[in-house]
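A short write-up of the structure that comes next.
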Amino acid sequence: MTRPILFLLPSLSLFASSTSSAPLPTNTPNLAPRIPSHSPCDCYLVSGSDPGYFTNYKFWDFRNVSLPHSPGDKPNAQDPSNAWEAQTTLLSESTFKNEWHAQSWSRDTMDDSTVSMANSHRNAFFAPHPQIPDTTQLVLRTTQLSNYSSTAEIESLQANFYRCSLRVRMRLMSRDAVSGVPGNTKTDDINKVPKGACAGIFTYRSASCESDLEFLTSDPPNTIHYANQPDYDAVNSLFIPNASQVVTTLPSPWSSWVTHRMDWLANATVWYADNKRQASVTYGVPDRPSILALNLWSDGGSWTGDMAVNQSVYMGIEWIEVAYNTSTVDISPILTTRRRRHRPFKRENRNSEWERQIPGNQAVVGSCARPCYLDKMQHY
Ligand SMILES: *[C@@H]1O[C@H](CO)[C@@H](O)[C@H](O)[C@H]1NC(C)=O
Ligand SMILES: *[C@@H]1O[C@H](CO)[C@@H](O)[C@H](O)[C@H]1NC(C)=O
Ligand SMILES: *[C@@H]1O[C@H](CO)[C@@H](O)[C@H](O)[C@H]1NC(C)=O
Ligand SMILES: *[C@@H]1O[C@H](CO)[C@@H](O)[C@H](O)[C@H]1NC(C)=O
Ligand SMILES: *[C@@H]1O[C@H](CO)[C@@H](O)[C@H](O)[C@H]1NC(C)=O
Ligand SMILES: *[C@@H]1O[C@H](CO)[C@@H](O)[C@H](O)[C@H]1NC(C)=O
């Protein structure tokens, strides 16, 4: 057996410095590659007070997907707000389908959710980027129809993620913003995204093994919900203490491009927005191998609120990045169709929190000759 090589990494001030540097411009997506593909990386390190060390890495870039030409793409097209739809490609018809599966399960009304919802693979597609020419984005869509809500969920086929640092560059959009209607393309679209939808990014094994972040379009645009599930006790109608945090001071609204990051570590889940630490939860940290998933939905319940008939909300995603470990312990099939999220019947105000990043001292890394630092984008 080979003896693990131990490397004493330099002080973490390197990591902490990323928080004091100038914030990324919120409207201009960074098109630079993340980790250069030629970098030989034996392991991946992420910034933070309890820095994670991971052995695997994946990057899904949705910014350069070839789209069909739009036949109606003329200057005087009759309805420019519909022209963009001819220029889309379904996720389920792209090569990404080998790693991300667009869901089609549905859920009836229950408890206080007054509208049934049905996921459709047609609600996950590639479309032109709303701001950058010759660039694409992955779009999830939810639409309130007269008698049900058409929703979107994509799940990783890989189901053995066991702790990870997941990063998703995304924004929520109205129909005008996603379709690039002139005059709306450069704005953050604040207060134009229809209310009543919930967008989620999460790891999932079961209702009691999940870390997530959620945006409610009924909330003010700088509010985000972070949780280890379950964070709500439906029997006693109480939030479970310490399972979740609501942050009302996101540095940029969810209607602008932000890199959301969730670190699922051994003893805590820690969330960041554009490299600024937002929240940390040590209660209920997932302890079993999981999938990664993103969704956008509405069910007329008190969690999402009501969405008006014929309205749509869109979630644009430029890329998904994950540094991760795997485990095959207890890897029974994951039944997402049975997912049943307990949600409060009444929205409550909870304390918001802004945590400062606390630099750690030193990190010891075993068996890793060539670490790559995700948050410095450098190879050592
Ligand atoms: C990931 O796996 C490596 C190698 O087994 C281990 O040293 C490291 O602590 C793991 N990371 C986390 C966050 O559990
Ligand atoms: C985008 O993809 C095409 C092939 O599909 C490739 O020729 C081109 O170099 C890519 N552009 C960038 C910026 O990666
Ligand atoms: C919605 O209405 C249509 C047309 O009346 C019907 O075919 C469909 O089954 C209904 N869907 C649901 C979920 O009730
Ligand atoms: C919640 O956190 C507080 C402060 O850290 C602690 O005193 C309390 O015991 C925790 N409650 C639960 C249920 O873990
Ligand atoms: C996590 O907690 C366990 C037991 O509470 C402890 O043995 C372990 O050292 C902790 N891991 C880290 C990375 O802090
Ligand atoms: C929804 O759109 C359909 C088709 O465009 C239209 O017939 C219907 O009147 C609209 N309903 C509402 C409530 O706007």
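Each ligand, and each atom within it, is numbered from 1 in the order the structure gives.
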>> Under 4.5 Å side-chain heavy-atom separation, chaining through any Ile, Leu, Val, Met, Phe, Trp or Tyr, what else clusters with Tyr148? Say none if it is isolated.
In response: Leu145
> For Val285, what are the other residues in its hydrophobic cluster, where any two members join if their side-chain heavy atoms are less than 4.5 angstrom apart?
Replying inline: Tyr162, Trp264
>> If I apply the N/O under 3.5 Å rule, does Tyr53 come out as touching ligand 1?
In response: yes
> Does any N/O atom on Arg163 come nearer than 3.5 Å to any N/O atom on ligand 1?
Replying inline: yes
>> Out of all atoms in ligand 1, which are within 4.0 Å of some heavy atom of Asn325? Include the element for each.
In response: 1 (C), 2 (O), 3 (C), 8 (C), 10 (C), 11 (N), 12 (C), 14 (O)
>> Which of the numbered atoms in ligand 1 are under 4.0 angstrom from any heavy atom belonging to Phe54?
In response: 13 (C)
> Hey, which of Tyr57, Phe54, Tyr324 is the one that makes ring-ring contact (aromatic ring centres under 6.0 Å, His included) with Tyr44?
Replying inline: Tyr57
> Looking only at side chains, do His121 and Ser92 share a donor and an acceptor under 3.5 Å apart?
Replying inline: yes
> For the ring pair Trp60 and Phe96, is the centre-to-centre distance below 6.0 Å?
Replying inline: no
> At a 4.0 angstrom heavy-atom cut-off, what protein residues surround ligand 3?
Replying inline: Ser116, Asn147, Tyr148
> Is the shortest side-chain N to carboxylate O distance from Lys58 to Glu99 below 4.0 Å?
Replying inline: yes
> Just checking, Arg167 and Trp319: is the charged tip under 6.0 Å from the six-membered ring centre and within 45° of the axis?
Replying inline: no
>> Once side-chain contact (heavy atoms from CB on, under 4.5 Å) is applied, do any residues pair with Asp306, and if so which ones, sequence neighbours excluded?
In response: Thr114
